[in-house]
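Notes for the one structure printed next.
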Amino acid sequence: MIRIAILSASVRTGRRSHRTALFLKRFIQERQLAEVDLIDLAEYDFPVFHERLKSLEPKPPVAVEFARRIVSADGVIIVTPEYNGGYPAALKNVVDLLYDEWHRKPVAICTNSDGSFGGMQVITSLQYSLWKIRAWTVPALFPIPKLATTFDENGIPAEPEAMEKRAGKFLDELLWCIKAKALMAAQG
Ligand SMILES: Cc1cc2nc3c(=O)[nH]c(=O)nc-3n(C[C@H](O)[C@H](O)[C@H](O)COP(=O)(O)O)c2cc1C
């Protein structure tokens with residue numbers, strides 16, 4: 001079965017974008033679209049890394065474990081908040097930690113904000129960083145606006161039908177890329 005990692009990028013006390021990660025996890029599991037590994041940066045509570053993992057000595061076991069989870073995923077969904085028009089430092093910390101691990105990894109970006117635009121300003125900077133490290137950024141948008149009222153604390157949407165329709169389109173694009181990559185790999 002396809003494995004999708006959901007990287008929940010807010011480590012903020014009282015964070016709300018994690019609700020989106022919980023929604024996506026349940027959405028994927030209920031439809032048996034893939035196995036889901038929810039990677040929560042708040043749980044890792046990483047320090048700022050002084051080097052990329054491949055050059056870091058000694059290698060912290062938790063960082064090695066984080067890398068393993070990214071490597072073993074067929075595709076990654078990054079659920080990120082928008083902070084001052086960009087993505088959070090905690091996310092940049094782990095994007096830069098890895099290098100080969102991101103290579104040709106299908107990555108779909110889900111942006112979040114309390115405002116009306118759903119964190120759309122993050123797309124350009126995050127997509128560019130991922131492109132620079134040779135990830136496969138999936139051309140799909142899933143902006144989540146007005147987070148405070150869009151989901152409850154468990155990720156249950158206020159308007160399930162509309163949210164599920166949007167999530168389905170977003171997932172379709174990621175799954176297509178994952179399957180296209182698998183086909184290419186099978187052909188050698
Ligand atoms: C440092 C900081 C900067 C923020 N900047 C923006 C912003 O530029 N645009 C916006 O719509 N919301 C902004 N917000 C509000 C977030 O969208 C809001 O906190 C939302 O719930 C997503 O972040 P969270 O997952 O950390 O809760 C900011 C929040 C913080 C803490």
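Counting starts at 1 for both ligands and their atoms, following the listed order.
In this structure W176 satisfies the ring pair (Phe, Tyr, Trp, His ring centres under 6.0 Å) test with no other residue, sequence neighbours excluded. The side-chain hydrogen bond (donor to acceptor under 3.5 Å, both in side chains) check on D172 picks up nothing, with sequence neighbours excluded. Evaluation of the ring pair (Phe, Tyr, Trp, His ring centres under 6.0 Å) rule for Y44 yields F46, F66 as partners, not counting sequence neighbours.
With I6 as reference, I28 is the one residue of D37, L22, I28, D40 to meet the side-chain contact (heavy atoms from CB on, under 4.5 Å) rule.
T80 places no side-chain N or O within 3.5 Å of a backbone atom of T111 that could act as its donor or acceptor partner.
With F27 as the aromatic partner, R31 meets the cation-pi criteria of under 6.0 angstrom to the ring centre and within 45 degrees of the ring axis.
Protein residues having a heavy atom under 4.0 Å from any atom of ligand 1 are S10, R12, R15, R16, S17, P81, E82, Y83, N84, G85, S113, D114, G115, L147, listed by chain and number.
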